[in-house]
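I have placed the structure first, in the form of structure tokens, so that the comments after it can refer back to it.
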Amino acid sequence: MSVLSQIESLLAKAGAELQSAASADEVEQVKVRYLGRKGELPGILKGVKDLPVEERKPVGAAANKARVMLDGQVKAKLESFDSSSDADFDYTLPGSPLTVGRPHLLVRTMADIAEIFSRKGFLVANGPEIESDRYNFGALNFPPDHPARDMQDTFYLREANGLPEGLLLRTHTSNVQVRQFESRTPPVKIIAPGKVFRHEAVSSRAYCVFHQVEGFQVGTDITLGDLKGVLLAFCQEYFAENIELRFRPSFFPFTEPSAEVDMSCLLCAGKGCSICKYDGWLEILGCGMIDPNVMSAVGYDPEVLSGYAFGMGVERIAMLKHRITDIRLFYENDLRFLRQF
Ligand code: PHE
């Protein structure tokens, strides 16, 4: 008789004996006889190593399967003797509630922002979080060794395990500008939410990981007026209030002119609180008109085309909207916090 059919008949025999077992003790005996250390099945398993190579695998697999099956049958039989479990069960007791997950507040905030912009004709795009110098800096008009690179507190990846040299964690979502420009012919109008990384001291206002939503439009005759209009419309729609924006002249290598935009602090109604550093205003985004050097780097003609770009801090926006006073709450995953949204 082949080993496989031995296993089969062993299963049949053990099954029949289990069927007729009349007590837990008898089941235990069957178990020892077939599965015990000196039982029949382990006996067969021991012999596997003496079989011709090509038979070892199927026989081993069949023996293992038989062991699992018998184990299950033994357990089921033992449970059938344990009648108390059924008789005492109170079917009228309420069940344990199922907890249902939900998107994290930051994910929802990004989706809400993208949704508002997509209704204004923006396409939603994504880009990689691990990026090369060119997309995070070079093509965005950061000259090599320029101090503006320090502004961004970059995490660089160590070269190892075949990882190419010079990779970094993107410090902003502006890399998506370059990638989209390179792969599209204008007009382009895109919104790109995502995660960014900066080696910053953690505080109630700053974290080493945070999120931005990048937006940009390139075409003929795109002006600063378009930029201001789209940002104000967004803020009034998202916060559903009479938001005020303040454009402060600023500098980014990839925009000219550049501005930082503050919105009136909703937390303290402009009186000053710890969130706005007693200023009444909260910085929510950087923006500007796309620098001609960026256009040239991606093969767009700056004589013909113009465009704007902005990058907003998602945490800041969610904090304002929901009156959250500490950015670290987003990352602690305390369910008492998460469940409020
Ligand atoms: N990338 C800039 C930052 O992270 C924000 C920005 C985006 C500014 C687009 C101008 C245009 O600070």
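Just so it is clear, the model here is predicted, and its values are computed rather than measured. Just follow the structure's listing: the first ligand is 1, and inside any ligand the first atom is 1.
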Fill in: ligand 1 contacted by Met312 (non-hydrogen, < 4.0 Å)
no

Worksheet item: With a 4.0 Å cut-off on heavy atoms, does Phe254 reach ligand 1?
Response: yes

Fill in: Glu315 and Arg205 ion-paired at < 4.0 Å
no

Worksheet item: Is a side-chain N or O of Asn141 found less than 3.5 angstrom from the main chain of Asn293, in a donor-acceptor match?
Response: no

Discussion item. Using a 3.5 Å cut-off on N or O atoms only, is Gln177 in polar contact with ligand 1?
Written reply: no

Worksheet entry | Pick from Gly286, Ser250, Ser258: the one approaching atom 6 (C) of ligand 1 most closely through a non-hydrogen atom | Gly286

Item to complete: Below 4.0 angstrom from a heavy atom of Gln212, which ligand 1 atoms are there? Numbered from 1 as shown, please.
Response: 3 (C), 4 (O)

Worksheet entry | Within reach of ligand 1, part of Glu283 (heavy-atom separation under 4.0 Å) | neither

Item to complete: Give me the ring orientation class for His172 and Phe254: parallel if the planes are under 30° apart, tilted from 30 to 60°, perpendicular past 60°.
Response: perpendicular

Worksheet entry | Ionic contact status for Glu131 with Arg179, cut-off 4.0 Å | yes

Worksheet item: Under 3.5 Å between some N or O of ligand 1 and some N or O of Thr255?
Response: no

Worksheet item: Does an N or O anywhere in Ser174 fall below 3.5 Å from an N or O of ligand 1?
Response: yes

Worksheet item: Can Arg246 and Glu260 be counted as an ion pair, charged N to O under 4.0 angstrom?
Response: no

Fill in: N or O contact, Glu214 vs ligand 1, cut-off under 3.5 Å
no

Worksheet item: Considering only heavy atoms, which of Pro253, Ala309, Gly311 lies nearest to atom 7 (C) of ligand 1?
Response: Gly311

Worksheet item: Should the pair Tyr207 and Tyr331 be assigned to parallel (<30°), tilted (30 to 60°) or perpendicular (>60°) ring geometry?
Response: parallel

Fill in: Phe341 and Phe337 aromatic ring geometry - parallel, tilted or perpendicular at 30°/60° bounds
perpendicular

